[in-house]
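Taking it in order: structure first as structure tokens, then the write-up.
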Amino acid sequence: MFSENLHFFEKLSIFLIETKIPHEKIKFLKNTISLKGGFIVTNPSTADVILTILKSPARISRYIGSETRKPIVSIEWVDKCVSKGARIEFVDYLIRGIEEDAMDWTTVEEEEEDQDLFDEDSNSSSSRSPIYTSENEHSDDGRDVDLDPRFLNTSYECLRPTPLKPKFNAKLVELLEVIERAREVNDQWRNALSYRRAIAVLKSYPRDIISHKEIKKIRGIGSKIGYQIESYLRTGTITEAEHILQDKRFHTLELFASIFGVGFKTALSWYRKGYRTIEDCKNHPNLTKAQQLGLQLFDDLREKTLPQNSPFSKRRMSREDVEEIYNIIKENVKKLDPGCVLQPVGGYRRGKELNGDLDLIISHPDEERVPSLLNDVITTLTEGGYIKNLLYRARSESRTGIIDHLEKCFVAFLQPSTQIKRQVDFIIATQSQFASALVGWTGSRQYERSLRRYAKREKKMVFASHGLFTNTKPRILIPTSTEREIFDILGVPWLEPEMRNC
DNA sequence: AAAAC
């Protein structure tokens, strides 16, 4: 005879930790709470209950400070109340009850030490609670689906093949890439990394994701991205990605960061100064040497970080463009010294159709010849009228401002057929460095990241583009002569360059 | 801070 209690949150004051909850979901929670008679408070000490999606006590304590006398409850509790039409007990949703001792949870913060290495948004699949329950309990994407057995569920991307163009989940990958770029351009690299890793999973997954239950079993996809994927499965899109694509600020930041010599921090600071166009940037008072060149050559080199479908990137190189340039360089370098060994690397070697630059390793069997090699190559190609500008140069002996210990030079190279200046990166390696330079400069960025992490954590070795070392006090070089040998020593499966596109 | 994978 009782009708449903429509105000089952009556007089309940709630403090909501919004961190890691997708915007949509926050809106839904706030709406539901006030609709059902509850209210949101901005101070945890005035709340009856604290709602969160977070699971790490150390993490939660950052948002509620020393407040330990309140129950902390998972946001799923709200979903459950809605579906039951009544306020239900906290018990099954308690992250921390009131009686519990505050001691064990204001302590440890060590989980963060591996920041570069571990995705803050990831979790081990076993310890995960079912947080993906949507407001729509009857959506048909909720089937419990096992992971595809062909998929290697690991957080090391270098252990599984990742093709350049995913056969599955392509639209989803595209949307998540938008969000990843937005994070990157906003200088949230840790968060961008979370997306990067989720994208890598989806690109290597051997079939379309069909259920959010499937997603939560995958290592490397945490709660927030899991939610976004769930909403993608329901609606066919991710609203945040759609919003980003409409956002002028995002496009401007991407444009600025695509200037050679301008990174995300500078792009942000210029945007905050009110700059909106490339012309605005040109008037900036103290441009660095690199930025002056980047702006001067902007129309030639504009493709640095811009994705293929960006309105600003029309000048990426086809494989034929790259080959034209490569053949010219090869001819001239061989004429200079027939002993030189040339090896194109980077995205071109991984099979990319459209490339922003050409990365080229040059080596020589004679160690004595190597130190003068780069100068000679640059001189020859400059005299030949090909190299028009030097963009960046790093000598192996300089200790600061060096990407790795290999000598290298980035130049603007005039492509004869198009008369467009293209970026060519020369990397010099001795014969003993050649194999690791090959592995290190073929990429992808994410592949290299996971390879180094795997070497360090699983094998107690340090992999760098100039060599493989033991991870000991004085590092000891482990000699390698081929790419396969490096893979064997590290114990990672051999992957063709085309399968390192994570 | 930026250049690279």
Side-chain angles (χ1 to χ4, degrees), chain A residues 116 157-158 162 164 184-185 187 189 192-193 196 200 253 256-273 281 284 286-295 297-298 301 303-305 322 343-352 355-362 374 389-396 398-412 422-429 433-455 462-468 483 486 495 497-502:
Chain A
D116 185 37
E157 289 91 346
C158 61
T162 310
L164 186 62
E184 205 149 278
V185 104
D187 205 19
W189 66 268
L193 190 57
R196 195 60 253 162
L253 286 172
F256 289 178
S258 79
I259 304 165
F260 187 93
V262 179
F264 300 123
K265 290 188 194 296
T266 307
L268 264 173
S269 87
W270 286 1
Y271 188 89
R272 291 193 184 118
K273 281 185 196 294
C281 298
H284 183 76
N286 31 32
L287 292 167
T288 66
K289 217 37 199 252
Q291 289 162 354
Q292 289 171 27
L293 269 171
L295 286 164
L297 301 175
F298 184 73
L301 301 177
E303 62 293 276
K304 191 179 75 175
T305 61
V322 174
Q343 173 66 56
V345 283
Y348 175 80
R349 183 162 185 248
R350 296 198 311 276
K352 275 179 76 175
N355 292 275
D357 67 356
L358 163 61
D359 304 301
L360 195 57
I361 299 175
I362 303 183
L374 188 54
N389 308 82
L390 301 185
L391 298 168
Y392 173 83
R393 172 120 195 206
R395 295 173 188 283
S396 50
S398 87
R399 45 196 70 203
T400 51
I402 198 162
I403 297 166
D404 54 42
H405 288 109
L406 299 173
E407 197 182 358
K408 64 185 68 64
C409 186
F410 307 158
V411 306
R422 308 291 200 174
Q423 184 173 335
V424 177
D425 301 349
F426 293 99
I427 300 103
I428 303 295
Q433 294 169 323
F434 188 80
S436 49
L438 191 52
V439 174
W441 278 84
T442 296
S444 65
R445 198 172 96 191
Q446 194 61 21
Y447 181 85
E448 300 300 332
R449 207 197 298 267
S450 71
L451 192 68
R452 286 194 302 270
R453 183 163 69 93
Y454 188 84
V462 176
F463 174 74
S465 311
H466 62 286
L468 183 60
E483 217 175 20
I486 295 178
L495 293 177
E498 289 79 7
M499 290 294 140
R500 301 179 202 166
N501 283 296
C502 42

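Side chains are part of it too, since the values below use all heavy atoms of this structure and drop only hydrogens, waters and symmetry mates. Letters A, B, ... are given to chains in the order of the sequence lines, protein chains preceding strands, and every chain is numbered from 1. Here the structure is a predicted model, which is why all the values come from computation and not from measurement.
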Point to revise | Chi angles and distances behind the side chain to side chain contact (heavy atoms under 4.5 Å, CB included) call for A:Phe434, A:Ile361 | key: CA-CA 8 Å; A:Phe434 188 80; A:Ile361 299 175; 3.8 Å; yes

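Judged as a salt bridge (Lys or Arg N to Asp or Glu O under 4.0 Å), and not counting sequence neighbours, the contacts of A:Arg349 are A:Glu483. Take A:Tyr271 and apply the ring-ring contact (aromatic ring centres under 6.0 Å, His included) test, not counting sequence neighbours, and it matches no residue.
Rounded to an integer number of Å, the gap from A:Ile361 CD1 to B:dC5 P is 12 Å. Rounded to an integer number of Å, the gap from CG of A:Leu406 to P of B:dA3 is 19 Å. Straight-line distance from the CG atom of A:Leu193 to the C1' atom of B:dC5: 15 Å, rounded to whole Å. Counting to the nearest Å, the P atom of B:dA1 and the CH2 atom of A:Trp270 are 14 Å from each other. The OH atom of A:Tyr392 sits 11 Å away from the C1' atom of B:dA1 (whole-angstrom rounding). Nucleotide B:dA3 holds its P atom 17 Å from the NZ atom of A:Lys289, rounded to whole Å. Distance, A:Lys265 NZ to B:dA3 P: 13 Å, rounded to whole Å. Rounded to whole Å, the distance from CZ on A:Arg445 to C1' on B:dA2 is 14 Å.
A:Arg500 comes within 4.0 angstrom of no nucleic acid atom, judged by non-hydrogen atoms across all strands. Residue contacts shown for A:Thr442 are limited to sugar-phosphate atoms, with no base heavy atom under 4.0 Å away.
The phosphate of B:dA2 has OP1 or OP2 within less than 4.0 Å of a side-chain N or O from A:Thr266. Of the side-chain N and O atoms in A:Gln291, none sit less than 4.0 angstrom from OP1 or OP2 of B:dA1.
Salt-bridge formation is detected for the pair A:Lys265/A:Asp187: a Lys NZ or Arg NE/NH1/NH2 atom is positioned less than 4.0 Å from an Asp or Glu carboxylate oxygen.
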